[in-house]
Number of protein chains: 2
Amino acid sequence: MGRDRATLADVARRAGLSKTAASMVLNGREGTRLSAEAHQRVFAAAEELGYRPNIAARSLRTRKTATIAFVSDIVATTRFAGGLIRGALDAARERDHVLLITETQGDAAFEQYAIEAILDRQVDGVIYAAMATRRLAVPPAILGGAVVLLNATSSTQLPWVLPDDQGAGATVAETLLAQGHRDRIALIGRNRQKERDPEISLAAEARLHGIRETLAAAGVRLLTEVFCPEWLPEHGYTATRTLLSRPEAPSAIICMNDRLAFGAYQALGEVGLSIPDDISVISFDDDPIASWLRPGLTTAALPHEEMGRKAVELLLDGGGEGPSLVPMPLRRRRSVAAPASTVPSPRPPGEGPPAADVTSEVAR
Amino acid sequence: MGRDRATLADVARRAGLSKTAASMVLNGREGTRLSAEAHQRVFAAAEELGYRPNIAARSLRTRKTATIAFVSDIVATTRFAGGLIRGALDAARERDHVLLITETQGDAAFEQYAIEAILDRQVDGVIYAAMATRRLAVPPAILGGAVVLLNATSSTQLPWVLPDDQGAGATVAETLLAQGHRDRIALIGRNRQKERDPEISLAAEARLHGIRETLAAAGVRLLTEVFCPEWLPEHGYTATRTLLSRPEAPSAIICMNDRLAFGAYQALGEVGLSIPDDISVISFDDDPIASWLRPGLTTAALPHEEMGRKAVELLLDGGGEGPSLVPMPLRRRRSVAAPASTVPSPRPPGEGPPAADVTSEVAR
DNA sequence: ATGCTCTGCTAAATCAGTTTAGCGACGGGG
DNA sequence: CCCCGTCGCTAAACTGATTTAGCAGAGCAT
């Protein structure tokens, strides 16, 4: 790999000029007094030889590598990582940079390895990413250079990019209000222990805040909230069963994320309630399952690609300290409708299929 | 980032030795006649100064960068990429290497960029990964160095790693046979156009082959097959409705992947059939949804982490040309049981699912 | 003729390592 | 006493770029 490559000296020789001249021409240096003809010859020689600079040699001198480190806690388990990386990759390519990826897995030894590895390689900057939106501590060793936090905050004076969870909360609430939902809106997914701990997640509180403010502005209060230990389908399922066992049935359920909403779908399906005719469901994240559910789940999408892209922009183009909030667009699907005029009553389970119009659902 | 670092010259000076001596000691060179005391002094000096070699300088001379390029067609969209990357990352770290990630998005210009970028950076090897198991053409420019194909084959003489889809097919079939399913096993997900095109996917044919061979060895033939244009939930849904409209109802359904199986769950749920009491469902991939479904979906897992890990091993430790098949372990959950003694009959659905010649029907 | 300023270009240093070639001291054999 | 080999170590070349410092020649004014 990469033997036989023409060097700058080869180009200079072929152009009949010095390495200095060749270097300056190829780097487009201003203020040099090299003739137009010299430019021509250098470009021609470089072209003919298929010259490409050796980045190791260049960065030895310049201490620039055109490489960005992407350090994250977990890349694998969450499918959101892909979006962040993809966005970063795109923006990096546009700026002729490349991404070095490492993972700490939340392990101090691995983090140490990752940091040494990127420091040894003299990366131009570091994107320090968390897979769950949260606050974190930035290892001091990397603070010598450019750092952008992605999907995370910190107490340090750095730029960081976050999804606009609060705005998404507002959007979600507005969507329900616009359909005529008022006093029978339930919420699933708060977590007593974790939501207040910014080291674990900032999302819950911000989303809730957006929801509450918007509802309050319309003079509406949440009907109930059901707490969940985690945001997994099984918890959404149990929470929904709990919800349905209460005297006053909701006209709409806001789930804190799509996995909870999936659980809600399962519970509602078992009980024979139809979405959105009997009950609307709306949620956050735009997990792939949101589009696979029947009916499709309306949800405020986490803008992962834009976030990854934004992080690179802040790192390379500058853009100051503090937060950059990326809007979370609402994916409108079929899970939200106007509330039924009558309060829906759960059918006894085991009675058979819900009275959904199957053929219209099949026509997809 | 990385200024103020001690250099080898600093270490040598502090140890009272030459750069040569320091270099040799730190690299653990055999056959050098440096005294034990000299070793001590160098190690001590390096320790005290927190010396770390500058990789750019080193690789300028040695043409080794301790960096592997991970080139894939698509990292974002599929959540499988994470597993591949994670496995590769782990194995790379164990060997003191780091991963440079690029994405071609199947675009020739992007591929060109990616290749130049990694060639410029003198990576030690390339993992060329596809997100859908398939055959691909390796760009000749990278054939100068070490290359391993991940989740892909090629006609070139390179090592490649694939999931053992055929073995998984066998496992799946055996699992059903072991539960007593025989002549009422249906299959969902073959695709007329694509499955035969190895540029698109190798998985379908291999899985089917494993299934057919195993069943044949037990004297069993598939009851029916329903074709699907893609492997998405909606197609699994339609295919299942189609399947249920046939006179002879299956006791088990094999889905070509979990997303199809999810669609099958939806259709079975609507029609009031219970999994696994009325019908068993088994599948491939171990998508996250497999564990979220109720009941949990039994499925042969794509061993992404192991595959990524294996690719790095082949690249760095050697291991010869040709295929390395990584077994696909079965995740046993609750979706498979013994067939009901009586043939399950779908409850009369008020809305008739489409009735047509199934085998020729292409679910849309 | 002298000094000065431009113009157009180059030699050499530099970055931080690895590697080759070889040097001085010492001991032993002839 | 001389030659040779081993021991323990080092000077210097080398990797491929960037960058500093400066040189030769032309043109112009004095």
Side-chain angles (χ1 to χ4, degrees), chain A residues 1-42 45-46 49-67 96 116 119-122 124, chain B residues 1-43 45-46 49-67 116 119-122 124:
Chain A
M1 203 146 300
R3 324 109 308 156
D4 317 335
R5 301 199 0 153
T7 70
L8 184 65
D10 297 331
V11 173
R13 195 173 313 119
R14 180 167 192 120
L17 288 164
S18 68
K19 284 200 310 175
T20 311
S23 173
M24 286 173 155
V25 168
L26 292 174
N27 288 313
R29 280 274 282 259
E30 304 282 320
T32 158
R33 295 177 301 232
L34 292 162
S35 66
E37 204 229 327
H39 278 76
Q40 296 291 351
R41 292 216 308 274
V42 171
L49 296 173
Y51 170 72
R52 302 223 96 225
N54 178 322
I55 297 211
R58 170 181 291 170
S59 60
L60 178 56
R61 186 80 237 257
T62 61
R63 342 216 106 211
K64 301 220 164 294
T65 48
T67 302
D96 248 293
E116 287 178 350
L119 252 30
D120 291 352
R121 285 169 182 77
Q122 315 240 137
D124 293 347
Chain B
M1 202 146 299
R3 318 112 310 150
D4 317 337
R5 306 209 343 165
T7 69
L8 184 65
D10 297 331
V11 173
R13 196 173 311 121
R14 182 169 192 116
L17 288 164
S18 68
K19 283 200 311 175
T20 310
S23 173
M24 287 174 154
V25 167
L26 292 175
N27 288 315
R29 279 275 280 259
E30 305 282 319
T32 158
R33 297 178 298 231
L34 292 162
S35 66
E37 204 229 327
H39 277 77
Q40 297 290 349
R41 292 217 307 273
V42 171
F43 287 133
L49 296 173
Y51 171 71
R52 302 223 94 225
N54 178 323
I55 297 212
R58 169 182 292 169
S59 60
L60 179 56
R61 185 82 236 254
T62 61
R63 341 217 108 211
K64 299 216 164 298
T65 47
T67 302
E116 288 179 352
L119 253 30
D120 292 351
R121 285 170 182 77
Q122 316 240 135
D124 294 346

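Throughout, protein chains are lettered first and strands after them, A, B, ... in sequence-line order, and every chain is numbered starting at 1. Keep in mind that the numbers below use all heavy atoms, side chains included, and drop hydrogens, waters and symmetry copies.
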## Note on the structure
Nearest heavy-atom approach of B/Asp124 to B/Ala66 is OD2-N, 2.8 Å
## Note on the structure
B/Thr7 and B/Tyr51 have their tightest heavy-atom pair at C-CE1, 3.5 Å
### Message
Reading DNA chain C from 5' to 3', where do the contacts with chain B start and stop? Cut-off is 4.0 Å to heavy atoms.
### Response
C/dA16 to C/dT20
### Task
Just jot down the side chain to side chain contact (heavy atoms under 4.5 Å, CB included) partners of A/Arg13, sequence neighbours excluded, or say none.
A/Ala9, A/Asp10
### the helix from C/dA1-D/dT30 to C/dG30-D/dC1: angle between end helix axes, five pairs per end, rounded to 10 degrees
80°
Below 3.5 Å, can you tabulate the donor-acceptor pairs from side chains in residues 35-42 of chain B to any protein atom, sequence neighbours excluded?
from: B/Ser35; atom 1: OG; to: B/Ala38; atom 2: N; distance (Å): 3.0
from: B/Glu37; atom 1: OE1; to: B/Arg41; atom 2: NH1; distance (Å): 3.3
from: B/Glu37; atom 1: OE2; to: B/Arg41; atom 2: NH1; distance (Å): 2.8
from: B/His39; atom 1: ND1; to: B/Ser35; atom 2: O; distance (Å): 3.0
from: B/Arg41; atom 1: NE; to: B/Ala15; atom 2: O; distance (Å): 2.8
from: B/Arg41; atom 1: NH2; to: B/Ala15; atom 2: O; distance (Å): 3.2

### Summary
Interatomic distance, CG@A/Leu34 vs CE@A/Met24, rounded to 0.5 Å, equals 7.0 Å
### Query
Which pairs with one or both residues in residues 21-32 of chain A pass salt bridge (charged side-chain N to carboxylate O under 4.0 Å, His left out), sequence neighbours excluded?
none
### Query
Got a sec, which residues hit side chain to side chain contact (heavy atoms under 4.5 Å, CB included) with B/Ser23, two or more places apart in sequence or on another chain?
B/Leu8, B/Asn27
Let me check something: any side-chain donor-acceptor pairs from residues 52-59 of chain B under 3.5 Å, sequence neighbours excluded? List them with distances.
from: B/Arg52; atom 1: NH1; to: A/Asp120; atom 2: OD1; distance (Å): 3.1
from: B/Arg52; atom 1: NH1; to: A/Asp120; atom 2: OD2; distance (Å): 2.2
from: B/Arg52; atom 1: NH2; to: A/Glu116; atom 2: OE1; distance (Å): 3.3
from: B/Asn54; atom 1: OD1; to: B/Ala56; atom 2: N; distance (Å): 2.8
from: B/Asn54; atom 1: OD1; to: B/Ala57; atom 2: N; distance (Å): 3.1
from: B/Asn54; atom 1: ND2; to: A/Gln122; atom 2: OE1; distance (Å): 3.4
from: B/Ser59; atom 1: OG; to: B/Ile55; atom 2: O; distance (Å): 2.9
from: B/Ser59; atom 1: OG; to: B/Ala56; atom 2: O; distance (Å): 3.3

### Contacts of type side chain to side chain donor-acceptor pair (under 3.5 Å), residue A/Thr67, not counting sequence neighbours
B/Arg121
### Task
Summarise protein proximity over nucleotides 16-24 of chain D in one line of letters, 5' to 3': B for base, S for sugar-phosphate only, - for none, counting protein heavy atoms closer than 4.0 Å.
BBBBB----
